[in-house]
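Down below is the structure, laid out as structure tokens.
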Amino acid sequence: MSTDARTLFRGATGDWEVVVGLEVHAQVISEAKLFSGAATAFGAEPNTQVSLVDAAMPGMLPVLNRHCVEQAVRTGLGLDAKINKVSIFDRKNYFYPDLPAGYQISQYKNPIVGEGRIVLDLDDGGTREVGIERLHLEQDAGKSLHDRHPNQTYVDLNRAGVALMEIVSRPDLRSAAEAGAYVRKLRAILRYLGTCDGNMEEGSLRADVNVSVRRPGEPLGTRTETKNVNSIRFVEAAINYEARRQIELIEGGGQVVQETRLYDPESGTTREMRTKEEAHDYRYFPDPDLLPLVLEDGLIERLRAELPELPDRKKTRYMRDYGLSPYNATVLVAERDVAKFFDDGMTKLIPLAGEVPPQRFGTDFANLVIMDLFGLLNASDTAISDSPISAEALAELYALRLKSEVSLPGHLVKRVLAKMFQSGKSAEQIVDEEGLRQVSDAGEIEALVAKVVAENPDKAAEVRAGKDKLVGWFVGQVMKASGGKANPQLVNQVLRTRLLQE
Ligand code: MN
């Protein structure tokens, strides 16, 4: 992730700055819809999860789902945002074939969550804050299916009425890479909170991308909005394409029109969809079927107290308690499942390490996860949640390096790890089966040393004559004779005693 805030586009007439704001629609994790009891599971047969409310039958009344409200409040708290104790549901009127009511219930002037922020982790170890303007609750629409019949369109209302959180950023982003980092961080926070699964390929998280360009330091230019972009790669591509298009348009004497556009993944371009509606076109008004939403006393405090440890705090803790670099800490907290694995591993490892403080081995263990385990997982296309080596098993492997009496030589760790990955056996089992325990038995080492010294009388004489450098060579020979298993400190000790004695 490259997040250089100073990324400029070079045009024919000079440099341009791109200004990006994102409106992310995040589907709330909930068994039931925002205003009905219909189910929300992904991939069900069309129109099997539709209540009379979702189908907008006359006389049906919406009933607010308390769980969805709590999910929105928890998300607001996770975004360090102001929670509004009173918010209002409005009708946003427009016609769409998959919107049977002719309006979407949304929140307009009084959203449930106000201003907040997201911290981006930059490549150089620094951070950058992006403002959140608001988060509001609204219903999703249904889906028009154009590919089921040669000359008819079908409508699937399973998604109609599903709760969405629309999370609106400030126009604080200055490059495609920053926008990508923003979506990744937002998705991580939602997943930690368990308020949205973040599966962009299933449409549970999609971004409307607002892009404008300007000369550095000048006022904001006219923006376009590219709708419903459903992957981070596409968000980045849409921004770069749109910035280039707008720069060429302006430099050619044209003007950017405020409009809604569509991203086409096939060509990597955006195209015009419709001229942007103004808010007054929607004739927003408070939904007369719904009272203002008033949060009960104590709800916010209770939900705040129950929040899990989120990525930023976890990162700080890893750096402080385990001595990790900002880079390692950022990599480990980026996905909840990875952080959980590392946490479980450290929880197991710390008591096994006894007197050794976690700052001494935190980085080493982190590298074992990030470099070695990730390498095996990637090569076999396995998710960390399906890792054949559990966090506890990995901790036990690492503990073998720490324990002086069994000490597994560092260079053999990878070999044992690979065998664990294949066989599912424990580190202890493999170390025993393959005879990989480090030899710390003084008698065994003495015998090896004696043999190597006897075989190299000339070099031994040189050491005795003061050529100290050759001790290293002897250590190497003894290590080789032991198949790499001898304890090097002990070898060194025995060698020196022996060579200098005789
Ligand atoms: Mn919306």
Side-chain angles (χ1 to χ4, degrees), residues 20-30 33-35 40 54 56 62 64-65 68-69 71-72 75-76 79 81 84 87-116 132-144 157 159-171 179 182-183 186-187 190 195-196 198 200 202-211 223-230 234-235 238 258-263 273-287 290 293:
V20 180
L22 294 177
E23 295 168 25
V24 170
H25 284 93
Q27 183 177 325
V28 174
I29 293 180
S30 165
K33 295 182 180 179
L34 183 55
F35 297 111
T40 59
D54 309 322
L64 182 58
N65 179 341
C68 293
V69 172
Q71 291 286 60
T75 305
L79 298 175
N84 294 321
S87 62
I88 291 171
F89 286 103
D90 298 282
R91 289 186 182 178
K92 182 181 182 180
N93 297 280
Y94 61 98
F95 174 80
Y96 222 71
D98 50 29
L99 185 77
Y103 58 83
Q104 174 192 33
I105 304 178
S106 181
Q107 296 188 309
Y108 181 45
K109 288 203 171 120
N110 302 88
I112 186 165
V113 175
E115 290 187 358
I132 299 290
E133 201 170 290
R134 58 186 278 154
L135 174 157
H136 66 252
L137 274 170
E138 63 183 27
Q139 303 172 295
D140 205 349
K143 199 176 173 193
S144 297
L157 291 180
R159 226 165 59 184
V162 164
L164 301 178
M165 299 178 283
E166 182 173 330
I167 302 159
V168 182
S169 85
R170 294 208 164 278
Y182 170 87
V183 178
L186 173 59
R187 184 175 61 182
L190 296 170
T195 57
C196 169
M200 297 186 83
E202 291 179 2
S204 343
L205 193 76
R206 41 198 206 260
D208 299 345
V209 187
N210 291 298
V211 177
R223 66 184 164 90
T224 62
E225 179 180 14
T226 303
K227 279 275 184 201
N228 278 331
V229 186
N230 66 353
F234 296 165
V235 166
Q258 185 174 341
E259 65 190 359
T260 303
R261 300 180 69 86
L262 271 183
Y263 177 72
M273 188 172 139
R274 59 173 190 257
T275 322
K276 175 74 181 168
E277 302 84 351
E278 295 296 324
H280 63 248
D281 293 330
Y282 291 121
R283 309 247 179 245
Y284 277 103
F285 64 87
D287 191 313
L290 290 158
L293 168 57

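When a ligand or atom number is given, it counts from 1 through the structure's own listing order. In this text, all values refer to a predicted model and were calculated from it rather than measured experimentally.
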* Asked: How many protein N, O or S atoms sit closer than 2.8 Å to the Mn ion (ligand 1)?
  -> 3
* Got a salt bridge between Lys143 and Asp98, using NZ or NE/NH1/NH2 to carboxylate O under 4.0 Å? -> no
* Assign the ring pair Phe35 / Phe89 to parallel, tilted or perpendicular, where the plane angle (0 to 90°) is split at 30° and 60°. => perpendicular
* To do: Without swapping roles, check the side chain of Arg134 against the backbone of Asn110 for a donor-acceptor pair under 3.5 Å.
  => no
* **Heavy-atom check, side chain of Asn228 versus side chain of Asp208, under 4.5 Å** => yes
* Asked: Side chain of Ser169, backbone of Leu22: donor and acceptor closer than 3.5 Å?
  -> yes
* Residues that Asp140 engages under side chain to side chain donor-acceptor pair (under 3.5 Å), provided they are two or more places apart -> Arg159, Arg206
